[in-house]
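To keep things clear, I will list the structure first and then write my remarks on it.
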Amino acid sequence: MQDKITHIVTSEQMADQCLRDILSMVKEFGWCNIEVKAGGRTIPQNKTYWMWLQEACNYLNEKAKGQFSLNDMHDRMRHEFLGYDVDKTIGTTVIAGQLKTTTKLTKGEMFHYMSQVEAFWADRGLLVTIPGDSQYAKLKREHEVG
């Protein structure tokens with residue numbers, strides 16, 4: 001039996017398989033670690049986020065006469081709000097931690113991240129566009145209502 005298994009569950013049959021794998025691991029290794037996450041960030045969230053990055057580039061390039069790219073903005077926001085993976089040591093070599101990615105964020109984690117990005121730019125005088133029919137706007141309304 002493998003000591004690590006990752007499943008994406010889309011049916012009852014797959015959930016049953018997960019249970020069988022859990023029981024097998026407990027029997028063979030004495031324990032197992034389980035992480036349950038809902039699906040990742042959504043395409044609409046991603047679309048809104050990259051629109052914001054473009055707005056931020058336009059704002060800074062006009063205001064500071066800069067040449068900031070979308071990737072520059074993306075890296076800056078990840079640096080600010082997601083941080084870095086831990087350094088890895090292999091023998092005497094230390095590999096510096098890399099910027100964390102947004103691709104593995106869940107829908108809820110992406111909403112939280114986007115809320116931080118929205119506030120960051122608002123504090124700097126840029127009110128990013130939030131389309132009323134966007135998924136971000138919908139989640140924000142739900143969050144505010146409780």
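The structure displayed is predicted, hence computed values, not measured ones.
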task = Using the test side-chain hydrogen bond (donor to acceptor under 3.5 Å, both in side chains), find all partners of Glu118 that sit at least two apart in sequence or belong to another chain.
result = Tyr136, Lys140

query = Taking the side chain as C-beta and beyond, is there a heavy-atom pair between Leu139 and Lys107 under 4.5 Å?
reply = yes

request  = Give a yes-or-no answer on whether the side chains of Glu55 and Thr129 include a donor-acceptor pair shorter than 3.5 Å.
outcome  = yes

task = Side-chain contact test, heavy atoms from C-beta onward, threshold under 4.5 Å: evaluate it for Ile130 versus Trp52 and give yes or no.
result = yes

query = How about Ile22 and Ile34: do any of their side-chain heavy atoms sit closer than 4.5 Å?
reply = yes

ask   = Looking at Gly132 and Ala137, what are the two nearest heavy atoms and their distance?
value = O-CB, 3.7 Å

query = Quick one: does Tyr113's side chain get under 4.5 Å of Met77's, heavy atoms only?
reply = yes

query = Any chance the side chains of Arg78 and Thr102 put a donor and an acceptor closer than 3.5 Å?
reply = no

remark   = d(Leu82 CG, Glu109 CD) to nearest 0.5 Å is 9.0 Å

message = Can you confirm whether His74 sits close enough to Tyr49 that some side-chain heavy atom of one is under 4.5 Å from a side-chain heavy atom of the other?
response = yes

message = To the nearest 0.5 Å, what is the distance between NZ on Lys88 and CD on Gln98?
response = 8.5 Å

key: Check: Asn58/Glu62 side-chain N/O donor and acceptor closer than 3.5 Å   = no

request  = Answer yes or no: are there more than 12 heavy-atom neighbours, outside Leu19 itself, under 6.0 Å from its atom CG?
outcome  = yes

task = Look up atom OH in Tyr59 and atom CD in Gln54, then write down how far apart they are to the nearest 0.5 Å.
result = 15.5 Å

Atom pair NZ (Lys65) and CG (Leu60), whose distance is rounded to the nearest 0.5 Å = 12.0 Å

ask   = Quick one: are Met114 and Gln45 in side-chain contact, heavy atoms under 4.5 Å?
value = yes

ask   = Out of curiosity, Leu105 CG to His112 NE2, how far, rounded to the nearest 0.5 Å?
value = 10.0 Å

task = Considering non-hydrogen atoms only, spot the tightest contact between Leu126 and Ala56 and give its length.
result = CD2-CA, 3.7 Å

ask   = So, Ser69 versus Asp72: side-chain donor-acceptor pair below 3.5 Å or not?
value = yes

request  = Mind checking ring-ring contact (aromatic ring centres under 6.0 Å, His included) for Phe81 and listing every partner two or more places apart, or none if nothing turns up?
outcome  = Phe120

key: For His79, all residues meeting side-chain hydrogen bond (donor to acceptor under 3.5 Å, both in side chains), sequence neighbours excluded   = Tyr84

query = Does the side chain to side chain contact (heavy atoms under 4.5 Å, CB included) test come out yes or no for Val26 and Trp31, once each step is laid out?
reply = CA-CA 4 Å; Val26 169; Trp31 68 283; 5.7 Å; no

key: Minimum side-chain heavy-atom gap Thr89-Thr93 below 4.5 Å   = no

ask   = Can you check whether Gly97's main-chain N or O pairs, donor with acceptor, with Asp87's side chain at less than 3.5 Å?
value = yes

request  = State the CD-CD distance between Glu80 and Gln116, to the nearest 0.5 angstrom.
outcome  = 8.5 Å

Non-hydrogen side-chain atoms of Arg41 and Thr103 separated by less than 4.5 Å = yes

ask   = Under 3.5 Å, side chain of Ser134 to main-chain N/O of Pro131, donor-acceptor pair present?
value = yes

inquiry  = If we ignore hydrogens and angles and just use 3.5 Å, is the side chain of Asn61 paired with the main-chain N or O of Gln67 as donor and acceptor?
reply    = yes

